[in-house]
Every structure is written in C-alpha cells, then in structure tokens.
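In this text, all values refer to a predicted model and were calculated from it rather than measured experimentally.
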There are 2 protein chains.
Amino acid sequence: MAGRTKNPGQSVSRRLLAVLDSFDVAHPALTLTEIARRSGLPVSTARRLITELREWGGLERLDDGRYRIGMRLWTIGTLAPQQRGLRAAALPYMHDLYQATQENIQLTVLDGTSALCIEKISSARAVPTLTQIGGRLPLHATGVGKAILAFSGPELLAEVAAAGLPRMTPNTITRPGVLAAALAEVRATGVAYSFEEMTLGAVSVAAPILRLDGSVRAALGIVAHSRAAVDRLAPAVRTAALGIARSVG
Amino acid sequence: MAGRTKNPGQSVSRRLLAVLDSFDVAHPALTLTEIARRSGLPVSTARRLITELREWGGLERLDDGRYRIGMRLWTIGTLAPQQRGLRAAALPYMHDLYQATQENIQLTVLDGTSALCIEKISSARAVPTLTQIGGRLPLHATGVGKAILAFSGPELLAEVAAAGLPRMTPNTITRPGVLAAALAEVRATGVAYSFEEMTLGAVSVAAPILRLDGSVRAALGIVAHSRAAVDRLAPAVRTAALGIARSVG
DNA sequence: GAGATCGTTTCCACTGGGCGGCAGTTCCGG
DNA sequence: CCGGAACTGCCGCCCAGTGGAAACGATCTC
C-alpha cells in the first residue's frame with residue numbers, strides 16, 4: 001500500500017498496535033509527538049492511526065492536546081477471561097484481608113516473565129507502593145513474584161535468570177543460586193517474603209493461588225511497612241489464598 | 001491497497017477493530033467463522049487480522065479452536081482513566097455496602113446512551129443478576145441508569161427517548177413523559193428505583209455520584225430480590241455514593 | 001516585538017501491503 | 001462412509017497507506 005515505507009513488511013495492524021503500546025502506567029497521557037516517538041512511527045503516520053483509534057473510541061483527546069486510552073478499550077479488555085473469574089472470586093477475600101490487616105493487598109498473575117497486578121486494595125494509611133493495576137512487578141524481587149516463581153516450572157526461573165536479576169534495592173537477590181534456594185524455602189513453607197528487596201521501607205508476604213493440578217494461577221500478597229512483623233501475617237494471606245483457590249474452582 | 005475489496009474505503013484499522021468488536025460479554029469466545037460473520041469480513045480477511053492480533057497478544061486461541069480476548073488488551077484497557085480513579089476510590093465503599101446489605105452492588109458510568117458497569121460485587125446468595133463488568137445496562141430501566149439520566153443534561157434524555165425505550169419486563173417505563181416524571185422524582189429524592197423494570201424478580205435502588213459541579217460521574221446501585229424493602233436501603237446507598245464522590249475529589 | 005523552536009495539521013505522488021476468492025485440507029455429525 | 005462446515009494456504013491485482021514537506025500555531029527567550 002505505502003508509497004515509501006520506512007519499515008518494509010510492517011503491517012498497518014502492527015503500526016496501530018504500536019500506537020497503543022506507547023501508553024503504560026507511567027505514561028497514561030501522551031502528545032502526538034510523544035506517541036510517534038514511542039511507537040517509532042513518523043508523526044503523520046501516527047496521526048492518521050490515532051485519528052482512527054479516536055473515531056472508534058480507543059483513544060480520546062484531552063483539552064491540552066494529549067491523548068489517553070478510551071473506555072472502548074477498557075470494555076473490550078474486561079472480556080479477557082484470565083483475570084475475569086479470578087478477580088470476581090478474589091475480591092471478597094481481598095477485602096477481608098484488607099480489613100483484618102489494614103495493609104496493601106495485591107493480586108497478581110504471571111504474564112511473560114513478570115507479575116501483572118490485576119487487582120489491588122490500598123489506603124492512604126497503608127505504606128505507599130508503586131504498584132498499580134495493570135502494572136508489572138519483577139518476579140525475583142517481590143513477594144508475589146517469588147510465590148509465582150516458586151510454583152512454576154524450572155524453565156521460568158531459567159528464563160528470568162538469563163534475562164538478569166536487576167537490583168532494585170541493596171537487599172535485592174541478584175544471584176540465581178541464592179534465588180533458587182529462596183524459592184525452595186517458599187515451596188516448603190507456602191509463603192514468600194520480600195524484605196525491602198523491591199522498595200526500601202516496604203516488606204511483603206505472599207502466597208500462591210494454585211490450581212487443582214498444582215500449577216500456579218496467581219499470587220496474593222500483603223505489602224506493609226518495614227517495621228511490621230510480616231511473618232505474623234503469613235497465616236492470613238495463606239488462608240485467603242486457599243479460599244480464593246477454592247472459589248475459582 | 002487491496003486488489004479487490006468488498007468495502008472500498010474501509011481501512012485496515014477499521015477492519016481490525018471490527019474483529020475486536022465481535023466479542024462482548026455474551027460472546028467471550030468465538031470461532032474464526034463467527035468472528036468473520038460478526039465483523040462483516042470475509043473469512044480470509046478475518047483470519048489474517050486475527051493472526052496479527054494473536055501475535056501481539058490481543059487475542060488468544062483456545063484448544064478447541066475458538067479465540068478470546070488476551071491479557072494484552074486488558075492491560076492497555078486498565079489505563080483508561082475514566083474508570084481508574086473511580087474504581088479505586090469506590091471499592092472500599094462498595095465492600096462496606098456489600099457487607100451491610102449482603103446484596104449485589106454495582107458501579108456504573110455513562111457510556112454513550114447506556115450505563116457501563118465498571119465494578120460489581122455479588123455473591124451466590126444475592127439475587128442473580130445478568131450484569132457483568134464491562135456490560136451495558138439500559139438507562140431507562142435500571143436504578144443506576146435512571147440515577148445517571150436524572151442528573152445528566154436534557155439532551156441525553158431526548159436522545160435516549162428518540163432511540164426508543166424498549167420494554168424489558170411488563171413493568172418497564174416505555175413512555176418518555178412517564179420517564180421524565182420519574183426522573184424529576186429522582187432529582188428531588190436523590191435516589192432512583194427500578195421495580196422489576198429490568199428483570200422480573202429483581203428490584204434496585206441507586207444514587208448518583210456527582211462531581212463538584214453537579215454533573216454526574218457515576219452511579220452506585222444495590223440490586224436485591226423483589227421481596228426486599230429496597231426503600232430501606234436508600235440511605236445506605238446514598239451515604240456510600242457521597243463518600244465515593246468525596247474520595248474521588 | 002521578533003526570532004527560534006517545537007508541535008500540529010494538511011497535502012499528495014508513489015507503491016507495496018492488503019484484499020478476498022478459490023482450491024485443498026481437516027473435522028464432525030448423521 | 002459421506003456431506004457439510006470450518007479452516008488453511010496461496011496469490012494477482014490495486015488503492016489505501018506511506019511519510020516527507022510545507023504551512024500554521026503555540027510557546028519561549030532575548
């Protein structure tokens with residue numbers, strides 16, 4: 001179709017989806033020029049595609065000229081079944097856990113080689129966390145991440161280790177052997193901890209939500225201030241995780 | 001670009017988005033042929049576009065050959081800000097309301113000429129409802145819909161009436177004048193009711209969640225069995241709605 | 001107030017990605 | 001076993017898409 005294309009072989013679909021990929025939790029609103037840069041498209045190409053997305057309702061334009069994701073995409077996204085039944089089943093348990101602990105509660109699933117947060121309950125008085133719904137957490141440095149990693153196949157650990165274990169804080173585990181040993185303990189105890197390994201000032205305890213065949217479906221975690229005795233929260237998060245596993249079926 | 005196209009002028013983007021539009025809460029998984037039918041595309045065209053969406057992660061294929069929405073779209077959809085802050089602020093109040101009433105709790109926003117459900121809390125012992133997150137509810141027949149309609153501009157009522165007020169049950173209001181009078185009462189009392197107007201056996205009470213300028217941001221509703229005295233639930237849903245309005249800011 | 005810079009909008013000559021029918025294959029139900 | 005439906009792979013043709021350039025608008029600095 002194109003008279004002269006910078007990327008021969010790149011389809012219109014890919015370009016359109018590249019526009020959508022420009023947005024993330026750190027960049028929920030972007031100008032035309034920012035979208036062009038982040039998607040690797042010329043400005044005029046990005047503009048045509050943005051116009052099509054706007055007409056459909058996938059993007060909307062703010063008064064200051066920036067664009068953001070529209071509700072049409074949210075609506076379609078809610079149809080993704082991987083999070084649908086799990087979220088519905090988990091919400092009551094998450095609220096129980098929140099009321100019992102008054103700390104941040106997170107529900108995550110494995111997505112590629114990271115933990116994707118699909119639900120979160122927090123409040124102003126709980127320790128601030130950077131996690132947002134739709135955001136990703138590293139598997140090696142978070143409680144929920146380790147809970148997922150511990151009950152996944154060894155290939156996942158190998159893949160994660162091969163990609164490198166970036167240091168998030170001075171306490172982050174960065175050696176594969178040390179991580180493997182930590183995961184063995186998670187399997188033995190049924191809970192995973194992160195002691196200021198992701199964020200200084202925050203500790204977490206998490207339990208896996210397993211399927212009947214023993215594979216990991218999700219992980220439920222509590223994130224508290226580093227002064228908190230998170231080991232005392234372990235029974236509560238394990239109990240809630242087991243309840244969710246039963247509810248999902 | 002195409003050698004021979006059935007719909008000259010229809011862009012690749014539109015076709016791709018039409019594929020996504022094939023899915024809805026009633027049809028979360030579809031075969032190739034079903035997608036082609038529902039999107040109005042030839043099978044081979046639908047197939048190429050589906051392949052592109054699969055490669056990107058927007059669709060995934062089940063073992064039985066059907067396709068469903070992938071988590072990539074859920075992740076991008078969560079970035080839509082219209083629901084983001086509202087849901088986070090509303091969840092604690094919704095759970096309080098759920099615990100106090102043990103009934104279905106729904107949070108909806110206006111989307112076009114219907115109420116879009118963006119959060120829902122229910123349980124097996126509450127009256128079954130057809131509402132699902134991401135699903136739409138008619139404005140004229142539901143409590144949340146009337147709460148939104150009552151505090152929107154008169155153009156919305158005109159638009160909704162012009163499109164027709166379909167009868168959902170024998171109790172549904174189908175005359176614009178009758179609906180307008182009902183909405184005046186909602187404005188006077190601050191709550192909207194649906195007495196088996198959407199579903200036989202279910203009644204609801206809802207309150208609007210207003211912005212500081214008085215415009216309607218969302219509506220919060222309780223759906224109960226028709227034997228329930230929903231008027232007694234009105235103060236609770238109003239209180240929760242006011243709390244949410246304050247939390248959102 | 002003028003010039004520089006950046007972002008946005010519009011235009012259009014050129015062309016290659018997309019079109020969808022068709023033939024072949026696979027699957028399933030009677 | 002057969003027929004119908006669904007799915008897969010292919011490809012000649014052409015028009016939708018490409019992206020650079022020019023113009024315009026907004027903002028900032030001197």
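Here S11(A) lies in heavy-atom contact (under 4.0 Å) with sugar-phosphate atoms only.
Atom CG in N7(A) sits roughly 14 Å away from atom C1' in dG17(D) (whole-Å rounding). Between R14(A) atom CZ and dT18(D) atom C1' there is a gap of 18 Å when expressed in whole angstrom units. Rounded to whole Å, atom C1' of dG18(C) lies 15 Å from atom CG of L16(A). Rounded to whole angstrom, the span from the CG atom of L32(B) across to the P atom of dC7(D) amounts to 5 Å. Rounded to an integer number of Å, the gap from E34(B) CD to dA6(D) P is 8 Å.
Look at R72(B) and D111(A) and you find no salt bridge, because none of the NZ, NE, NH1 or NH2 atoms lies under 4.0 Å from a carboxylate O. Salt bridge status for R14(A) with E55(B): present, with a side-chain N to carboxylate O gap under 4.0 Å. Between R211(A) and D213(A) there is no salt bridge, since no side-chain N of the basic residue sits under 4.0 Å from a carboxylate O of the acidic one.
For R68(A) and Q82(B), the side-chain atoms include no donor-acceptor pair closer than 3.5 Å. In this structure, a donor-acceptor pair under 3.5 Å is absent between the side chains of E159(B) and T113(B).
The side chain of R15(B) places no N or O atom within less than 4.0 Å of a non-bridging phosphate oxygen (OP1 or OP2) of dA16(D).
Heavy-atom nearest nucleotides on DNA chain C were determined for V43(A) and for P42(B), and the one closer to the 5' end corresponds to V43(A). Across the interface with DNA chain C, nearest-nucleotide mapping of Y67(A) and G9(A) shows Y67(A) to be the residue nearer the 5′ end.
Nearest nucleotide to the R37(B) side chain, out of dA6(D), dG18(C), dG7(C): dA6(D). Taking the side chain of T33(A) as heavy atoms from C-beta on, and the options dA16(D), dT8(D), dT8(C), the nearest nucleotide is dT8(C). Side-chain proximity of S44(B) to the nucleotides dT8(C), dG9(D), dT8(D) is greatest for dG9(D).
The CG atom of L157(B) lies 11.5 Å from the NE2 atom of H140(B); values are rounded to the nearest 0.5 Å.
If you check residues 45-66 of chain B against DNA chain C, the residues with a heavy atom closer than 4.0 Å are T45(B), R48(B), listed by number.
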Which pairs would a plain distance check flag for residues 40-53 of chain A, meaning a side-chain donor or acceptor within less than 3.5 Å of a matching protein atom at least two apart in sequence or in another chain?
unit_1: T51(A); atom_1: OG1; unit_2: R47(A); atom_2: O; d: 2.9
unit_1: E52(A); atom_1: OE1; unit_2: S11(B); atom_2: OG; d: 3.0
unit_1: E52(A); atom_1: OE2; unit_2: S11(B); atom_2: OG; d: 3.0

